[in-house]
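These notes concern the structure reproduced below.
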Number of protein chains: 2
Amino acid sequence: MRDTPSAGSMTRADILAGEIADSIIDGTLPPGSRLDEHMLAERYGTSRTPVREAIRQLKTTGLIDVRPRRGAVVAEVTSRDLETLFVAMAEIEATCARLCALGMNPVERRRLQALHQSTRDLVEAGDQTAYAAANISLHLQIYAGAHNPVLSDFAAGLRRRLAPFRNAQFRAPGRLPLSFAEHDVIVEAILAGNAAAAHAAMLHHVSLVEDAFEQVARSSSAA
Amino acid sequence: MRDTPSAGSMTRADILAGEIADSIIDGTLPPGSRLDEHMLAERYGTSRTPVREAIRQLKTTGLIDVRPRRGAVVAEVTSRDLETLFVAMAEIEATCARLCALGMNPVERRRLQALHQSTRDLVEAGDQTAYAAANISLHLQIYAGAHNPVLSDFAAGLRRRLAPFRNAQFRAPGRLPLSFAEHDVIVEAILAGNAAAAHAAMLHHVSLVEDAFEQVARSSSAA
DNA sequence: GACCGCAATCTTGCATGCAATTTTCTCCAA
DNA sequence: TTGGAGAAAATTGCATGCAAGATTGCGGTC
């Protein structure tokens, strides 16, 4: 539900771009799928023109690969790409955390702490689904706290791209309490206004997320 | 010359996107200009379709603002936006410098030092134009040295967007030797593998670039 | 039996035309 | 003179048709 349907002033191409992106992210369109213009046009009940414009739009997000005259395919994410994305994500999030430590206002700090504390119960209950949702909220608050739309948009885009891989991480055994503990260090550093510590803690945290994902990926591919 | 014209496999829309972006960056299309599809189509000798696709593509870069059914205009960059962009640029470049310190291979380190040293002569000669070009090369090398296409693409995009404002900075009195001295600290830290120092030095450097720009902007608007 | 060349088919790229909405101009009234 | 309502003009959004290039399958030859 990214696009409020009530936003009447949206072109079909915009809507299509969102729909296609969602389909890619939720796995309906797996990596390697050919994005046939006729097929997409028929599926969404429009002509090829808006589909083409949506594809152009998606091209710049990295979700799809477009080779002129040869069509578009859902981007195959190699493990090398994945590492690049995770490193970029870690660095950007660390930067956001740094800026939060330097510039969050009292209201934002209080909200951040409140949200973080509220996840403690979810950890104890072992509710992976609810924790994953709260986790996203926490990170989004940190993006917002950076007070820099350019950085936070970029971070949000990366997060969307990595979403299919991140959601798996909480299945790693014992990941929930660890995640909470890492968040604790981050939030503590931000609230204390310690920029360097916030940066380091977030970098560490996201790196561990990558490790957790790889652990899950290995065990599930071995199973 | 971003787009090699010899790359035969490029669609008209891609070429147009590049042309329009260049026109915006070099000032041919000043902020606030309406991007009339008929006009652009006629100017570039094509139909409206590729123009529309180019506009879609540019929409995601932040260079233009598109309001559905109301056309596209070259984005007005407010001073607030500008500060946001400069901060984002500083953070990303600092991150790249950090990664360079951690991961540049010997060849890259030697090349970086060689390029930096070669700019010393330009400073002494007071050649602002040549120095500006060398300055870009230096920063691009640092992007590349981060070994992360996601980050370096983002950095390059930001640099393009800020290009019109950055070029002015070297007109600030005494900026050239200062710039060189700042580069010296950055390069030194990278070569020494000191990640924290490289990060801090680059952050400092880009912040000073912003200061220098504002100084030039104020004096020229006051003149 | 394998490889190379050619043709048929399919897919994308571009142009044009029509529909829908926004903008602007004009005219009328207060 | 100014404000607003309505219509005309202009501009964008979308659909369709045609052309160019790519892929695939087939036949011939070595």
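Here is how names work: the chains are called A, B, and so on, in the same order as the sequence lines, proteins then strands, and each is numbered from 1.
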Short side-chain N/O contact to D:dC14 OP1/OP2 from A:Thr11, under 4.0 Å: yes
Contact under 4.0 Å: A:Arg52 side-chain N or O vs C:dG13 OP1/OP2: yes
Output the rounded distance in Å from [atom1] ([X]) to [atom2] ([N]).
| X | N | atom1 | atom2 | answer |
| --- | --- | --- | --- | --- |
| B:Asp14 | C:dG13 | CG | C1' | 11 Å |
| A:His38 | C:dC10 | NE2 | P | 10 Å |
| B:Tyr44 | C:dG13 | OH | P | 21 Å |
| A:Asp36 | C:dT11 | CG | C1' | 7 Å |
| B:Glu53 | D:dC14 | CD | P | 13 Å |
| B:Glu37 | C:dC14 | CD | C1' | 14 Å |
| B:Glu42 | D:dT11 | CD | P | 12 Å |

Under 3.5 Å side-chain donor-acceptor pair for A:Ser23 and A:Thr28: no
Short side-chain donor-acceptor distance under 3.5 Å, B:Asn135 and B:His183: yes
What protein N or O atoms touch nucleotides 15-18 of chain D N or O atoms at under 3.5 angstrom, if any, and at what distances?
residue : atom : partner : partner atom : Å
D:dA15  : OP2  : A:Ser47 : N            : 2.7
D:dA15  : OP2  : A:Ser47 : OG           : 2.7
D:dA15  : O5'  : A:Ser47 : OG           : 3.4
D:dA15  : N7   : A:Thr49 : OG1          : 2.8
D:dT16  : O4   : A:Thr49 : OG1          : 3.4

Closest heavy-atom pair and its distance - B:Val66, B:Ala72: CG2-CB, 3.8 Å
Distance-minimising heavy-atom pair for B:Ala144 and B:Glu108: O-OE2, 4.4 Å
Touch class at under 4.0 angstrom, heavy-atom based, for A:Leu35 against every strand present: sugar-phosphate
Check this for me: does any side-chain nitrogen of one of [X] and [Y] sit under 4.0 Å from a carboxylate oxygen of the other?
| X | Y | answer |
| --- | --- | --- |
| B:Arg12 | B:Glu19 | no |
| B:Lys59 | A:Asp14 | yes |
| B:Arg98 | B:Glu93 | no |

Check: A:His205 ring centre within less than 6.0 Å of A:His139 ring centre: yes
Under 4.0 Å protein heavy-atom contact, by nucleotide of nucleotides 19-24 of chain C - B base, S sugar-phosphate only: -BSSS-
Candidates B:Asp153, B:Asp26, B:Asp22 - the one meeting salt bridge (charged side-chain N to carboxylate O under 4.0 Å, His left out) with B:Arg160: B:Asp22
